[in-house]
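Below, read A as the first sequence line, B as the second, and so on, with proteins coming before strands; counting in each chain starts at 1. Bear in mind that the values here come from a model prediction, so they are computed numbers and not experimental data. For the numbers below, each heavy atom of this structure counts, side chains included, while hydrogens, waters and symmetry mates do not.
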2 protein chains.
Amino acid sequence: MPTLATHKPQANNRREIVLEIAAGFFVRKGFNGTSIRDIAKEAGMLPGSLYYHFPSKEALLVAVFEEGVQRISAAAEAALAACQGNAWERLQAACEAHLVTLLEGSDFASVIVRVLPQDVPGAAEELISLRNDYEKTFIALVDALPLPAGTDRSLFRLMLIGALNHVPLWYRPGRETPSNLARQIVANLRFAQDNTKTEGKRT
Amino acid sequence: MPTLATHKPQANNRREIVLEIAAGFFVRKGFNGTSIRDIAKEAGMLPGSLYYHFPSKEALLVAVFEEGVQRISAAAEAALAACQGNAWERLQAACEAHLVTLLEGSDFASVIVRVLPQDVPGAAEELISLRNDYEKTFIALVDALPLPAGTDRSLFRLMLIGALNHVPLWYRPGRETPSNLARQIVANLRFAQDNTKTEGKRT
DNA sequence: ACTATAACCAAACAATCGTTTGCTTTTATG
DNA sequence: CATAAAAGCAAACGATTGTTTGGTTATAGT
């Protein structure tokens, strides 16, 4: 069979620009607080033109979300690849990468924390699935910790993620660095577990 | 002086019903995801009728927010009044009340966690102020803790609040009780601080 | 040069949004 | 009963929403 329609006139230049602008709006205004016209206007395009790149507003959010998960995952895995320490040090490295990406990285990662799946009914399950994929890394990291028997590792992980993802709500640049904050957060959870007497917090 | 216009035909029955319905929508759909018509419909009223009770949608949200702060504050202070223990036990009591109110109390308190001030531009400062009033309680509780010198108590408190307010995003009734979760969350932060060697996490 | 696709414009669509206005019903008090 | 305020209805206002449709320009391969 001959080469049928092997054209490729150009790359999607504007598509990535639109994604970046959309990420900014979604982070600052939320999903329902952002209009297609907001994004199009900042991109120097007309509202309808966005529908060449994305079939719907929800699909645009999903694309931003996917990019965010990919970026923060890449940051965490890169940090882990460069860390040869023990389980606590590896967890700390991942948390540093996580927080640095949230606070100083692009807006893509922040969308993951800002936009709730229930805000996007048509794609809620997909967003949850994407987030779960990323958090699997933390499940493994927490599982590797030398925690006292009886410790609820699931709760421990959710505590940590809750504390980390809460930082963007109060963080102000100039005081502590994101890395320092992550280190302190992990440290505050670390020593607590070292001398616990396994006294029954569960039966 | 004679009694001039001392009428009071009735109390604001419907007003509180509207508030409760609004709280439910704000929690589940967010502020921008909730329409006046949604609330009015569930209240069995017409959209315009809400404007007799509240001058605007934002004012309605503020009213819900205020009620939420009052309820969760009352729960925390009641728990503290009934607790004669040490600083850690008092913190635990407040956290239990906080989490129980968030997970099992009315929707009013959940609105505080769900709706971000930036979603309501015209009342953002007021919402922040209301939240800060409540969190002052936790500032005092954390200040009273016997933490090792050099510990950033502000970060410690923000970690705790972050972990607590994150629970509604993953909590599923039937497993652990809210009280149990709060106790474990505090416990996970407690022992960490007991044997810290004051090794410089800050200079 | 011809053609097919990419990329976007221009303009509108129906639906929904928060809100306003004028009128009616209800309710408690004198 | 009379009255005045409370509470709500009915209906619309202009603005904004996500989206569609058809036409236009740009670009690259044959």
Just how far, in rounded Å, is P of C/dC17 from CG of B/D38? 6 Å

Write down the distance between CG (B/L60) and C1' (C/dT19), rounded to a whole number of angstrom. 14 Å

For B/F138, give me all partners under ring-ring contact (aromatic ring centres under 6.0 Å, His included), at least two apart in sequence or on another chain. B/H98, B/Y134

How many Å lie between NZ on A/K57 and C1' on C/dT16, as a whole number? 13 Å

Can you tell me if the side-chain N/O atoms of B/S35 get under 4.0 Å from OP1 or OP2 in C/dC17? yes

Can you tell me the distance, in whole Å, between the CD atom of A/E16 and the P atom of C/dA7? 11 Å

Contact between B/S179 and B/L99 at the side-chain level, heavy atoms closer than 4.5 Å - yes or no? no

Tell me the interatomic distance from A/Y51, atom OH, to C/dC13, atom C1', rounded to whole angstroms. 13 Å

Grab the two heavy atoms, one from B/A23 and one from B/V64, that are nearest each other, plus how far apart they are. CB-CG1, 3.8 Å

Round to the nearest Å and state the distance from A/I17 atom CD1 to C/dA7 atom C1'. 13 Å

Counting only side-chain N and O atoms of B/H53, is one of them less than 4.0 Å from OP1 or OP2 of D/dA6? no

Please list all pairs passing the salt bridge (charged side-chain N to carboxylate O under 4.0 Å, His left out) test where one or both residues lie in residues 127-151 of chain A, with sequence neighbours left out. A/D133-A/K136, A/E135-A/R157

On a heavy-atom basis, which atom in A/I39 and which in A/A22 lie closest, and how many Å separate them? CD1-CB, 3.8 Å

Grab the CZ-P distance between B/F31 and C/dC17 for me, whole Å please. 13 Å

Strictly below 4.0 Å, N to O, side chains only: are B/D119 and B/K29 in salt-bridge contact? no

Is there a side-chain contact between A/Y52 and the phosphate of C/dC8, meaning an N or O under 4.0 Å from OP1 or OP2? no

Just how far, in rounded Å, is P of C/dC9 from NZ of A/K41? 15 Å

At under 4.0 Å between heavy atoms, how does the protein contact nucleotides 9-14 of chain D? Give one character per nucleotide, 5' to 3', with B, S or -. BB-B--

So, B/T34 side chain and B/F25 main chain: donor-acceptor pair closer than 3.5 Å or not? yes

